[in-house]
Amino acid sequence: MSQDWPKHDMSFLGGRRLRRTRQSAWSRAMVRETELLPRDLIWPLFVIEGQNERTAIKTMPGVERLSIDLMVQAAKDARDAGIPALAIFPNTPDHLRAENGAEAYNPDNLMCRVLSAIKDAVPEIGLIADVALDEYSSDGQDGLVRDGEILNDETVHAMVRSALVQARAGADIIAPSDMMDGRVGAIREALDDEGFDHVQIMSYSAKYASCFYGPFREAVGSGSRLRGDKRTYQMDYANSDEALREIEQDILEGADSIMVKPGLPYLDVIRRAKDEFNVPIYAYQVSGEYAMIELAGAAGAINRDAAVLESLWAFKRAGANGILTYYALEMARKLGR
Ligand code: PBG
């Protein structure tokens, strides 16, 4: 008999009750602080050689690598759903991977061909091109390696060449993900010298050495090659002051926008960056985060659809201007309805 339950004397609250605004849907809508919209979502896609080819990625159930013709269709779907931009990653054929990663600056590489195919067919969507050597090199490292050392300035030289072929092929945004010192400034200078002053740089500024990239490395085919780790260039997850120094440096070198990566375990870094700097900040909900939601959902441990929505909204609350997410198309369609 609930009406018989004794009440606590709440007079100490002085009438202040925070549940008051949560009592009905209209009131919750009125006090809602952030929005999640299709234009907040950037869609990462993996490209492979071939015609009408799609291949599954074991550790990312629901995500497929696509051949160029299917990438063009995906770009149309993304545009129609209100997604502003795609982030593209190549799965380079094995025989083209070499120690020097030279395929990265072959003007006819898979990446350049997909960029120009989409630019021709779907000029309304933005194209973000990842720049790093791991997608082209035989050892899975983001930089050039000599005697086990990741070489900085030599890698920057290769990154600049890679960014230039991508810009010529139609990339709108160059996104260096290699974490070498000085790559943003070097790429900015080279782009400007070639008349690509309108091409943006979205820097993976605060990129942590993370276990959450595992499925991505399967997707681009670098995982089984990688020996050791990336801790001499990607950041230590114990740090966040250092993330602000990385971001500040990239802004000084000419980055138009910056990224924090991975996403959900690093919301504190997004918030600190948002409070400190006035540039657009993007979060990357990486492959391992995707896999966790999918696998926990499939196991019945969590409600998958609710988890997707809640995780994406958390990025907006933390201050991200947008999110790179493998859920982009699905969620843009849902949110657009
Ligand atoms: C490559 C790159 C990685 C990711 C984006 N660009 C992997 C890495 O640094 O090892 C990870 C994205 C993801 O996990 O979804 N430089």
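Numbering of ligands and ligand atoms starts at 1, following listing order.
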| note | Taking every heavy atom of P61 against every heavy atom of L295, the minimum-distance pair comes out as CG-CD2, 4.0 Å
| request: Ignoring hydrogens and angles, state whether a donor on the side chain of S210 or Q234 is under 3.5 Å from an acceptor on the partner side chain. | output: no
| ligand 1: which residues have a non-hydrogen atom closer than 4.0 Å? | F89, D130, A132, D134, E135, D142, S177, K207, F212, Y213, F216, R217, K230, Q234, K261, Y284, V286, S287, Y326
| request: Assess the side chains of Y204 and D130: does a donor N or O sit below 3.5 Å from an acceptor N or O? | output: yes
| said: Side chains of E294 and Y326: any donor to acceptor distance under 3.5 Å? | reply: no
| note | In short, salt bridge (Lys or Arg N to Asp or Glu O under 4.0 Å) pairs touching residues 316-332 with sequence neighbours left out are D40-K316, R304-E330, E330-K334
| F46 and F216 aromatic centres sub-6.0 Å | yes
